[in-house]
Amino acid sequence: MKLEMADQFIAHPGKDGRPDQSIKDHLFGVARLATEVARKIGLPEAGELLGLLHDIGKYSKAFQEYIRSATGRLNPDEDGYVDATAQKGKIDHSTAGAQLCWETLSMKGGHYAVLGQILALCLASHHSGLIDCVSPGASLEDLSNFLNRMKKDPQKTFIEEIKSKIDPEVSER
């Protein structure tokens, strides 16, 4: 599926005659809410970052084909059509934001690495529930569930594809 410039990346399909919500609008909307919630504990910037990154995986071709197939925007005869019922819940759209956050902040070391892990943990957990960072009975050789998620195959998280598709306004913020 090739998206034309005029096409928007869909985060949520419109209902009851309302237009689709673009990923950019969704991310900025969640960022505003998360900023206000996080302000209560003195961390508005962390809240904004979480809001901006939480669904960046929806920029992937795989997610866009899924959502367009599920809503009838793609029919079975068109390129890119997927069986949306079979794909439901199988396209990872939360790990990419966590990986991007982890990658960017952990390389700075020190407090930034800790902050990166905390924020990435929130991002990776936003659909599945909080990931246990230290599995009971894990040996020194075992990676934690969190690190496994951060090291997930980039082709399965679409991170490189997504980096090239993020709306410039989101990326700049």
Side-chain angles (χ1 to χ4, degrees), residues 1-14 19-35 45-76 78-84 86-109 112-113 115-128 131 143 146-173:
M1 173 186 81
K2 182 177 180 187
L3 288 175
E4 301 299 325
M5 291 298 278
D7 290 330
Q8 68 176 358
F9 290 98
I10 301 169
H12 297 284
D20 296 333
Q21 184 182 39
S22 70
I23 297 173
K24 179 176 82 171
D25 289 347
H26 175 62
L27 297 180
F28 276 121
V30 172
R32 278 190 299 278
L33 293 171
T35 298
E45 295 89 356
E48 180 182 33
L49 184 60
L50 290 171
L52 290 171
L53 291 176
H54 84 285
D55 270 353
I56 66 165
K58 289 185 176 186
Y59 281 105
S60 74
K61 177 182 177 186
F63 185 86
Q64 290 302 304
E65 287 176 343
Y66 159 73
I67 199 162
R68 289 167 191 272
S69 296
T71 58
R73 289 164 178 82
L74 284 177
N75 68 55
E78 290 182 90
D79 289 342
Y81 178 83
V82 298
D83 179 352
Q87 291 295 308
K88 188 172 175 78
K90 294 188 175 149
I91 300 170
D92 184 348
H93 69 273
S94 62
T95 301
Q99 286 177 327
L100 183 60
C101 183
W102 171 252
E103 171 187 300
T104 303
L105 292 175
S106 67
M107 72 172 49
K108 292 183 177 198
Y112 287 104
L115 177 63
Q117 182 174 4
I118 292 167
L119 295 177
L121 179 62
C122 294
L123 291 163
S125 300
H126 92 270
H127 283 296
S128 61
I131 295 171
L143 292 172
F146 171 74
L147 288 177
N148 284 335
R149 189 79 174 269
M150 294 306 95
K151 294 180 181 202
K152 186 173 181 178
D153 182 349
Q155 290 192 333
K156 292 182 179 176
T157 66
F158 315 104
I159 190 164
E160 293 306 319
E161 173 194 353
I162 289 161
K163 285 179 184 179
S164 71
K165 292 180 177 177
I166 296 173
D167 284 289
E169 300 91 336
V170 173
S171 195
E172 287 170 18
R173 191 66 193 138

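Below, each value reflects all heavy atoms present in this structure, side chains not excepted, and no hydrogens, waters or symmetry copies.
By the 4.0 Å N-to-carboxylate-O rule, Glu161 lies close enough to Lys165 to be salt-bridged with it. At a threshold of 4.0 Å, the pair Glu78-Arg68 does not count as salt-bridged, since none of the basic side-chain nitrogens sits closer than that to a carboxylate oxygen.
Note that the NZ atom of Lys152 and the OG1 atom of Thr95 stand 4.5 Å from one another [nearest 0.5 Å]. Taking CD of Gln99 as the reference point, atom NZ of Lys163 lies at 9.0 Å (rounded to 0.5 Å). In this structure, CD1 in Ile56 is found 6.5 Å from CD1 in Ile159, a value given to the nearest 0.5 Å. Separating the CG atom in Asp25 from the CG atom in Asp167 is a distance of 8.5 Å, to the nearest 0.5 Å. In this structure, the separation between CD1 on Ile162 and CD1 on Ile23 is 8.5 Å, given to the nearest 0.5 Å. For the atom pair Cys101 SG and Leu50 CG, the distance stands at 7.0 Å (nearest 0.5 Å).
Between the Ser69 side chain and the Val82 main chain, a donor and an acceptor come within less than 3.5 Å of each other. Side chain of Glu48 to backbone of Ala34: no donor-acceptor contact under 3.5 angstrom is found. With Asn148 contributing its side chain and Met150 its backbone, the two residues share no donor-acceptor pair below 3.5 Å.
Side-chain contact between Phe63 and Phe9 is absent, with no heavy atoms from C-beta onward closer than 4.5 Å. A 4.5 Å side-chain heavy-atom check between Phe28 and Glu169 finds at least one atom pair inside the cut-off. In this structure, Pro13 and Ile67 have side chains that are in contact, with non-hydrogen atoms separated by less than 4.5 Å. In this structure, the side chains of Asp20 and His12 stay at 4.5 Å or more apart for every pair of heavy atoms. Side-chain contact between Glu65 and Lys61 is present, with heavy atoms from C-beta onward closer than 4.5 Å. Side chains of Tyr66 and Lys88 form a contact here, defined as non-hydrogen atoms less than 4.5 Å apart. Between Trp102 and Leu121, the closest side-chain pair of non-hydrogen atoms is not below 4.5 Å.
For the 3.5 Å distance criterion, the side chains of Thr157 and Arg149 fail to qualify, holding no donor opposite an acceptor.
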**Request:** Could you go through the side-chain contact (heavy atoms from CB on, under 4.5 Å) check for Gln21 and Ile10 one step at a time?
**Result:** CA-CA 6 Å; Gln21 184 182 39; Ile10 301 169; over 6 Å; no
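Considering Leu53, Val170, Ile166 in turn, Val170 is the only one that fulfils the side chain to side chain contact (heavy atoms under 4.5 Å, CB included) rule with Leu27.
In terms of heavy atoms, Ala46 sits closest to Leu119 at CB-CD2, 3.9 Å. Closest of all the heavy-atom pairs between Ile91 and Phe158 is CG2-CE1, 4.1 Å.
For Lys156, the NZ atom is loosely surrounded, since the number of other residues' heavy atoms within 6.0 Å does not exceed 12.
Separation of the His93 and His54 ring centroids does not fall under the 6.0 Å cut-off.
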